[in-house]
There are 2 protein chains.
Amino acid sequence: MDKYINWLKDYDMKTTTQRLSILKSLDDRKHATIEEIHSDLVEHNPTMSLTTIYRNIGEMMKNLLVSEVKLPKRKNIYEVSKDSHIHLLCETCGKIEDAYIDMTDTLQKIKNRYFCDILDNDVTLSITCKECKEKMGNL
Amino acid sequence: MDKYINWLKDYDMKTTTQRLSILKSLDDRKHATIEEIHSDLVEHNPTMSLTTIYRNIGEMMKNLLVSEVKLPKRKNIYEVSKDSHIHLLCETCGKIEDAYIDMTDTLQKIKNRYFCDILDNDVTLSITCKECKEKMGNL
DNA sequence: CTGGGTGCAAAGTATTTGCATGAAC
DNA sequence: GTTCATGCAAATACTTTGCACCCAG
């Protein structure tokens, strides 16, 4: 739990049990919807309100501790913004996988062609994952 | 207008004036929010309802005639799904530009590393565009 | 202490649905 | 003529806000 206390300190946010449990939920799940976080937290604290989660996720996004990911045809998910990665979304089983890939070449091409600076990138690939491909092959 | 009639025929959708004007609005603007489409259409038909737009955009998405684009910190926008491209979103002026770029190398790397098939890709880059860079340089 | 955080209830906003009417094929 | 689309109103879903109370620093 010290880990989460330090994250909050780093971003100048007061420590509260609610905030610690939101961060734990996000860290355990890697990605979670507002509803998923809420259902995690209600288990240990039945009066935990959705409002608190919306407000804290909002604050954490302002402080760049947490990022929002908007996926095609899905509810938004939230994740701790630790590292830069892209999302692989399996169309068959629904699993979301983080992928770490160097896109420097592609980004450089865009910079050169469009004369822009690239501040951030947001990439989601709809895929059929390894496991689903194997299952399909066995039919 | 024949163009839009044919688009609807191609996707087995009945021709209605509402659908034609939705397609014209999308085609003219390249990207539009539900509200923007609505405000375009109310000009010529004051009783045009939001419901009709939601329902038709929904149908057109099911039929893959139209795609939804979810952008960071913005309302969803819709576009006619004619070609494959990525979106450049200027953080300074808010402009959205379509970019055509070959990402085969990057996608191939992901296929090889994660053993998946890639069905679709959804890429938005937050940028500072050429014009905004130039203005900044002049300060 | 004291300012900010929390929970509840209520208000906003966004989107969907039921149903009677109207238009396309 | 039939079938499907439309517009309205109402319902639902999602998110934000106001306010009294409470807790961390």
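The figures that follow rest on heavy atoms only: side chains count, while hydrogens, waters and symmetry mates do not. Small disclaimer: the values here were computed from a predicted structure and weren't measured. Throughout, a chain's letter reflects where its sequence line sits, starting with A, and its residues are numbered from 1.
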Axis-to-axis angle between the two ends of the helix from C:dC1-D:dG25 to C:dC25-D:dG1 (five base pairs per end, rounded to 10 degrees): 40°
Base-contact (B) and sugar-phosphate-only (S) positions in nucleotides 15-25 of chain D, heavy-atom cut-off under 4.0 Å, - elsewhere: SBBB-----BS
Hydrophobic cluster (4.5 angstrom, side-chain heavy atoms) - remaining members for [X]:
X      : answer
B:L89  : B:V69, B:L71, B:I77, B:I96
B:L119 : none
B:L64  : none

For residues 6-15 of chain B, which side-chain donor-acceptor pairs fall under 3.5 Å, sequence neighbours excluded?
{"from": "B:N6", "atom 1": "ND2", "to": "B:D2", "atom 2": "O", "distance (Å)": "3.3"}

Which residues pass the side-chain hydrogen bond (donor to acceptor under 3.5 Å, both in side chains) test with [X], sequence neighbours left out?
X     : answer
B:K75 : none
A:K73 : none
A:T47 : A:N45

Ring pair (Phe, Tyr, Trp, His ring centres under 6.0 Å) contacts in which one or both residues fall within residues 49-95 of chain A, not counting sequence neighbours: A:H31-A:H87, A:H85-A:H87, A:H85-A:Y100
5' to 3' contact window, DNA chain C with chain A (heavy-atom distance under 4.0 Å): C:dG3 to C:dA9
For [X] and [N], what is the distance between atoms [atom1] and [atom2] respectively, to the nearest whole Å?
X     : N     : atom1 : atom2 : value
B:I37 : D:dT6 : CD1   : P     : 13 Å
B:N56 : D:dC4 : CG    : P     : 15 Å
B:M13 : D:dT3 : CE    : C1'   : 15 Å

Distance below 4.0 Å between B:T52 side-chain N/O and D:dT6 OP1 or OP2: no
Whether A:N56 side chain and A:T52 backbone form a donor-acceptor pair below 3.5 Å: yes
Would you tabulate the side-chain donor-acceptor contacts of residues 122-130 of chain B under 3.5 Å, counting partners in other chains and residues two or more places apart, or write 'none'?
{"from": "B:S126", "atom 1": "OG", "to": "B:E91", "atom 2": "OE2", "distance (Å)": "3.0"}
{"from": "B:K130", "atom 1": "NZ", "to": "B:E134", "atom 2": "OE2", "distance (Å)": "3.3"}

